[in-house]
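Worksheet: the structure to be examined is printed underneath.
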Amino acid sequence: MSVRLRLSGGAVREIEDGATPWEVGRAFDPGRAAGAVAARVGARVVDLGRPLGEVAGQEPVEFALLTPSDPQGLEVYRHTCAHVLAQAVRRLYPGTRLAIGPVIADGFYYDMQVRTADGQEVRLTAEDLPRIEREMARVIAEDHPVTREVWDRQRARQAYAEAEDPFKVEIVDGLPPDAEVTVYRQGEFSDLCRGPHMPSTGGIGAFRLLSVAGAYWRGDERRPMLQRIYGTAFPTPEQLERHLWALEEAKRRDHRRLGPELGLFLLREEAAGFPFWLPKGYAIWRELEQWSRELQGPLGYQEVSTPILMRAELWERSGHWGHYRENMFTLERDQEMFAVKPMNCPAHCLLFGSETRSYRDLPLRLAEYGQLARYERSGTLHGLLRVRSLHQDDAHIFVTPEQVSEEIGSVLGLVDRVYATLGMSYEVYLATRPADALGSAEMWDRAEADLAAAVRAAGREPIMSPGEGAFYGPKLEFHVTDALGRRWQCATVQLDWNLPERFDLWYVGPDGERHRPLMLHRAIFGTLERFVGVLIEHFGGAFPTWLAPVQAEVLPIADRHADYALGVAGELRAAGLRVEVDRRPEKVGYRIRAAQMQKVPYMLVVGDREEREGTVAVRSRAGGDAGTRAVAEFAAAVRAEIAERRLPDAGQSTAGGHPGSK
RNA sequence: GCUGGCGUAGCUCAGUUGGCAGAGCACCUGCCUUGUAAGCAGGUGGUCGCCGGUUCGACUCCGGCCGCCAGCUCCA
C-alpha cells in the first residue's frame with residue numbers, strides 16, 4: 001500500500017505507507033530535515049517517526065516538515081520541553097505524581113504533586129528551579145529518543161492505578177471512548193500524552209523555568225492543590241534572552257509600578273480594591289469622561305444619576321439578590337437590608353417605568369457615570385484591573401425588537417471609534433447562556449444570534465465563549481491585553497430580555513397596545529478604573545498629549561527668568577493646556593530629566609534669549625530638542641494636536657519647529 | 001476565598017546567631033544662577049503592617065489578623 005503526499009513544491013508523490021515523515025523529509029527536503037521537530041500531514045501535526053499509513057491515504061494531502069520556527073513546530077518543541085521538566089522533577093523527587101503539562105502562549109507549564117520517594121509532599125520555591133534546570137540540561141545532554149506507544153485503555157488505567165497516579169487515571173477515564181491512548185517514552189521516563197513530540201530530547205536548544213505557583217487540580221478549589229511550574233523554551237539562546245528581556249520590559253510598564261511613580265493613583269490597605277485618585281490620575285479620568293460625553297451626546301444618550309444605596313427589595317425584584325448577592329456590599333439599618341449598587345440597570349428600569357413610554361420615545365438611552373461597588377474575593381484584587389470600586393461609562397438602551405440590530409451596530413461603531421483613537425487592538429467574544437440563566441431557551445437562542453449577526457455586520461468574527469454570559473442575558477465582551485499578556489474585558493454589550501419583564505416595563509406601540517421593550521446594557525471603556533490601568537500599560541505611561549496629566553513643563557534657566565516662565569505658563573493655561581513650572585534651583589539638565597521621567601510631552605526651556613524674543617525652546621518627550629517657537633504658535637499647535645486626539649508617534653513631535661527655526 | 005511567598009523612611013532596598021534601626025533616590029536648607037536626561041554640602045523623616053505570646057531584652061522566634069505578590073477561582 002502507499003499514500004499520496006503533496007510536497008512543499010506542489011508535486012504529489014506516491015510514498016510507501018510504512019515510511020515515516022522523517023524519511024520523506026530527509027529525501028525531499030534535506031535542508032529542513034536537520035532541524036525538524038514534527039511534520040504536518042494534512043491538518044494533523046504528527047511525530048517524525050509515525051508511519052505515514054496511519055495518517056494519510058490515497059487522497060493527496062499536504063506534507064511539510066515543522067521546525068521550532070513554525071508556530072506549530074514551536075508548540076511541539078515546548079511540549080517536549082515540558083516532558084523534560086517532568087522527567088527532571090521525577091529524578092529529583094521520585095514520588096512525584098504528574099497531572100497535566102500543556103503548552104501555553106509563551107511557553108509551557110506542568111502541574112504536579114511533587115513528592116519524595118516515600119510519598120512526602122515537597123513545597124518547591126523559586127530557589128529550587130535552578131536545580132531542576134540543571135537536571136533538565138542533563139536530560140537534554142543525554143539525548144534520549146522519544147518514542148510513541150499505543151496502549152490498551154484498560155492496561156493504561158491499570159498501570160496508572162498501580163503506580164498510584166490518580167491524576168493520570170482520571171485523565172484516562174475522561175478520554176472519549178474512541179480515543180487512542182498513547183504514551184510517550186524518553187529514557188526511564190514515560191508520560192500519558194496525546195503528542196506529538198520531538199524525535200529526541202537532545203534537540204532542545206534554550207529553555208528557562210520561570211516560576212512556581214499553586215494550581216488546583218482541574219481548577220477546582222475543592223480538589224488537591226498542585227504545584228505548577230512555568231517555563232519557556234526557544235530554538236536559540238538569543239531568542240530566549242530576547243523573550244526574557246521582553247518580560248522585564250513588561251514589568252516596567254506595569255500600571256501598579258507606573259501609577260504611583262507618575263503620581264496617578266494610590267492603593268492603600270485602608271480601602272483594598274478602592275483606588276485613591278491623585279490630581280494627575282484624575283486629570284486623565286476627567287479627560288476620558290468628557291470625551292465619552294462628547295461622543296455619546298450626539299448619538300442621543302441622556303445622562304442621569306441614580307441612588308448608590310437602595311433597599312434589598314429592589315434587588316430581589318431585579319433578580320440580583322438571588323444571582324449576585326455574593327458580589328454585593330450590603331448593610332442593615334433600622335432592621336432593613338440595603339445594598340450598594342453593583343450595577344445601574346435596576347435603577348434605570350425604575351426610571352423607564354416612571355412614565356408612560358411611547359414607541360416614539362425609543363430607543364431611550366440612559367447613561368450614567370456614577371460609582372458602583374462590587375465585592376471581589378480578596379485574592380482576586382489586582383491593581384486597577386480588578387477592583388471593588390467601579391465607575392462605568394454605563395448606559396442602558398430600551399428598544400423595540402426591531403431596533404436591536406441597528407442599535408447594537410451603533411454601539412459597535414462607538415467601540416471601534418474609541419479603541420481606534422487610542423491605537424488599541426481588541427478581540428470580540430460572544431458569551432452565551434450560563435448554567436444559572438434566567439429566561440427561556442428561545443429567548444437566549446435569539447439573543448445570541450442577534451449579537452453574533454451584529455458583530456459580523458461590523459466586519460468582525462466573534463470568538464465564542466460558551467456558558468460565560470450573564471444570568472440575565474448573553475453578552476459581547478471586548479478584550480484587550482495588558483503589559484503581561486493577560487487579557488481583560490473592557491467594553492461590553494449585553495442583551496437583556498429579563499429585566500424589562502421583571503420590572504413590567506412597557507411602551508405603547510403604533511397599534512395602541514402595550515409592548516415589552518428590550519434592554520441593552522453597554523459600556524465602552526467598561527470600568528474607568530480598569531480602563532485607565534490598561535491605558536497606563538498600553539502607553540507605558542507616555543500618554544498622548546490630550547490625555548497627559550501635565551502637557552507642558554516650563555523650565556526657567558535661572559531665577560531671573562521665573563517671571564517670564566510664569567507668564568508663559570499663564571498664557572498656555574489660558575489656552576486650555578495643563579502646564580507646570582519647575583523653578584527648583586537645579587541645573588536645566590536635572591529638571592529635564594525629571595520631566596522626561598514623568599513623561600511630560602513638552603518641555604519648554606526659557607532663558608534670556610526666549611524672554612527677549614517672546615518665545616519658548618521646545619523639547620519634546622519623544623524627539624528631544626525641537627527648536628524655538630513663539631508662545632502663541634506653540635499653543636496653537638498643541639491645541640490642534642489635542643483637538644485631534646493625536647497619538648504619540650515615536651521620534652516625532654508636532655508642536656516644535658525644526659531645530660534652529662523660529 | 002484557597003495554596004505559597006512577602007510586609008523595614010514617600011520610593012527602591014540592606015539589616016550577622018535576639019542586644020539602642022541603615023543606604024540611595026525623593027523632600028527641606030544653604031551654596032551655585034544654571035542652556036536640553038542626575039552640580040556640591042548639610043538636614044528632616046521609621047510604633048520595623050496590626051494585635052497577642054515567648055524572653056532580662058523581639059525588626060529578628062511563635063500564634064492570630066490585615067494588606068500585597070504569583071497562581072487557582074471569579075469577573076467589568
Original post:
Roughly how far apart, to the nearest Å, are B:rU36 and B:rC75 at atom C1'?
Top reply: 48 Å

Subject >> Rounded C1' spacing from B:rG49 to B:rC40 in Å >> reply: 38 Å

**OP:** Map A:Gly526 and A:Arg268 onto RNA chain B by nearest heavy atom, then report which one ends up closer to the 5' terminus.
**Re:** A:Arg268

**OP:** Searching all strands shown, indicate the nucleotide that pairs with B:rA41 (Watson-Crick or G-U wobble; both distances under 3.5 Å).
**Re:** B:rU29

Subject >> Separation of the C1' atoms in B:rC65 and B:rC6, to the nearest angstrom >> reply: 16 Å

**OP:** Return the nucleotide paired to B:rG24: Watson-Crick means purine N1 to pyrimidine N3 with N6-O4 or O6-N4, wobble means G-U with N1-O2 and O6-N3, both under 3.5 Å.
**Re:** B:rC11

Original post:
Contact class for A:Arg591 (heavy atom, under 4.0 Å): base, sugar-phosphate, or nothing?
Top reply: nothing

**OP:** Would you classify A:Arg584 as touching base, sugar-phosphate or nothing, given that sugar-phosphate means primed atoms plus P, OP1 and OP2, and contacts are heavy atoms under 4.0 Å?
**Re:** sugar-phosphate

Original post:
Is there a Watson-Crick or G-U wobble partner for B:rU55 with both distances under 3.5 Å, and which nucleotide is it?
Top reply: none

Original post:
Base, sugar-phosphate, or nothing: which does A:Gly589 touch, judged by heavy atoms less than 4.0 Å apart?
Top reply: sugar-phosphate

Original post:
How far does the C1' atom of B:rC28 sit from the matching atom of B:rG10, given to the nearest Å?
Top reply: 14 Å

Original post:
Between the side chains of A:His479 and A:Glu427, is a donor N or O closer than 3.5 angstrom to an acceptor N or O?
Top reply: no

Original post:
Phosphate oxygens OP1/OP2 of B:rG4: is one of them under 4.0 Å from a side-chain N or O of A:Arg228?
Top reply: no

Subject >> Integer angstrom distance from the P of B:rU8 to that of B:rC61 >> reply: 15 Å

Original post:
Hey, does the side chain of A:Thr380 come within less than 4.0 Å of B:rC74's phosphate (OP1/OP2), counting only N and O?
Top reply: no

Subject >> Any A:Arg256 side-chain N or O less than 4.0 Å from OP1/OP2 of B:rC69 >> reply: yes

Subject >> Under 4.0 angstrom between A:Tyr375 side-chain N/O and B:rG1 OP1 or OP2 >> reply: yes

**OP:** Could you tell me whether A:Val212 contacts a base, only the sugar-phosphate backbone, or nothing, with contacts defined as non-hydrogen atoms closer than 4.0 Å?
**Re:** nothing

**OP:** Name the residue closer to the 5' end of RNA chain B, choosing between A:Ala617 and A:Tyr590 according to the nucleotide with the nearest heavy atom.
**Re:** A:Tyr590

Original post:
Between A:His382 and B:rA70, does any side-chain N or O lie under 4.0 Å from OP1 or OP2?
Top reply: yes

Subject >> Charged N-O contact under 4.0 Å between A:Arg593 and A:Glu586 >> reply: no

Original post:
Which pair of non-hydrogen atoms, one from A:Glu376 and one from A:Val387, has the smallest distance, and what is that distance?
Top reply: CG-O, 3.6 Å

Subject >> Student check: side-chain heavy atoms of A:Arg218 and A:Ile171 closer than 4.5 Å >> reply: yes

Original post:
Side chain of A:Glu261, base of B:rG10: donor and acceptor closer than 3.5 Å?
Top reply: no

Original post:
Using 4.0 Å as the upper bound for N to carboxylate O, is an ion pair formed by A:Glu477 and A:Lys475?
Top reply: yes

Original post:
When all nucleic acid strands are considered with a 4.0 Å heavy-atom cut-off, which category describes A:Glu376: base, sugar-phosphate, or nothing?
Top reply: base

